[in-house]
Amino acid sequence: MSTFTIDTSTSRATPSPVPGKRMTAPAIRARKADGKTGQPIVMLTAYTMRMAQLLDPHCDMLLVGDSLGQVIYGLPSTIPVTLDMMCAHGAAVVRGSWHALVGVDMPFGSYEASPAQAFESAARIMKETGCAAVKLEGGEAMAETIDLLTHRGIPVIGHVGLTPQAVNVLGGYGARGREDREAEKIIADAKAVADAGAFCIVVEGVMEAVATEVAGSVAPPIIGIGASADCDGQVLVTEDMLGMFERTPRFVKRYDDLATRIGEAVRTYADEVRSRSFPTADQIYRPKP
Ligand code: KIV
C-alpha cells in the first residue's frame, strides 16, 4: 500500500478526501441481480491524482487503464506499458479518490504467462497502490487465472471483445463480432470470465447485438465501451470524452472541447507574458504595508 497521502494543508488537496466507505467489488457485483441492473454503473479512466479528485464524486468506479500509455506517455499502443507505470499512476488515483472503487489494469506481459505470474503482479499492484481490483484482458484463455486471483483475495474486472493488448493478433482496433463465429467466441469468452469469478466485465468495441446478448446472458455487470446502451454500465477514456484530442473514435461522445479551451487559455497567458501584462500587483509579493 502506498505510504503517501495527500497533504491536506496545501491548495492542491481541494476537494479533500472525505472519510467514508468506498464502493466495493461485492457492491458493484450486487448492482445486477437476476439479470437486471437498477442503476447503471458509471466508470471513467483516471491516471492522475487531480483527475481522480474531479471524477470521484460522480463515478462508481475509476479505472487506471493502460490506455495511459497513449494518453499520458504518447506511446503507440498499450504494449510498452509497465507495471511500474501502473503502480505509480494507480497510487496517485487512490490518493485522489475516496468514494469510487479504483481498478488498475494489469499491463501486457505481467499476467499472461501463468496464473502464478498474474498473482505476483496483481499482488504488487494492490500493495503499492491500495486499489481494490485489477483488470485483465482475455476470455476463455484467462479463466484459470481469474479463478486463481479471485480465490486468493484479488477482485478481477474482465475485459473481452476488442482487447487492445492483442492488437498485433487482431490486426487493428476495428469493432469485433461482425461475423457469427467471432460473435459466438466473444459471448463464450464473457461467459468463461464470468464463471471464473470476475465481478464485472468490460466489453469493448463489439457489434451492438453482441454486447446486448452478453449483457443478457452473464450474471456479473457488463460495462460497455463502444458496445450497447443495454450494458449494465459504461466506461470511456476521460480525455476522449472531455475533448482533449482532435480525433476520437466513433463510440466516444465529447462532453466538452478542453483542447480548444486550454489552447485559448495558454495563448492568452503567452500574450500577457510577452506584453509584460502578467504578473500584475495581484500576483507578486511585496513587503506588507
Ligand atoms: O485501458 C483502458 O483505458 C481501458 C478502457 C478503455 C476500458 O481498458
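Indexing begins at 1, ligand by ligand and atom by atom, following the structure's order.
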Could you pull out every N or O of ligand 1 that sits under 3.5 Å from a protein N or O, with the distance for each pair?
residue: ligand 1; atom: 1 (O); partner: Asp66; partner atom: N; Å: 3.2
residue: ligand 1; atom: 1 (O); partner: Asp66; partner atom: OD1; Å: 3.0
residue: ligand 1; atom: 1 (O); partner: Ser67; partner atom: N; Å: 3.0
residue: ligand 1; atom: 1 (O); partner: Ser67; partner atom: OG; Å: 3.3
residue: ligand 1; atom: 1 (O); partner: Asp105; partner atom: OD2; Å: 3.1
residue: ligand 1; atom: 3 (O); partner: Ser67; partner atom: OG; Å: 2.5
residue: ligand 1; atom: 8 (O); partner: Lys135; partner atom: NZ; Å: 2.9

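A salt bridge is absent between Arg176 and Glu204: the closest approach of a Lys/Arg side-chain nitrogen to an acidic carboxylate oxygen does not fall below 4.0 angstrom. A salt bridge is absent between Arg261 and Asp257; no separation between the charged side-chain nitrogens and carboxylate oxygens falls under 4.0 Å.
With sequence neighbours excluded, the residues forming a salt bridge (charged side-chain N to carboxylate O under 4.0 Å, His left out) with Lys32 are Asp232, listed by chain and number. Remark: Asp230 engages Thr212, Ser228 in a side-chain contact (heavy atoms from CB on, under 4.5 Å) (not counting sequence neighbours).
Apart from Tyr285 itself, the hydrophobic cluster it occupies contains nothing, where clustering links Ile, Leu, Val, Met, Phe, Trp and Tyr at side-chain heavy-atom distances under 4.5 Å.
Atoms CD1 and OG, on Ile125 and Ser110 in that order, are 5.5 Å from each other to the nearest 0.5 Å.
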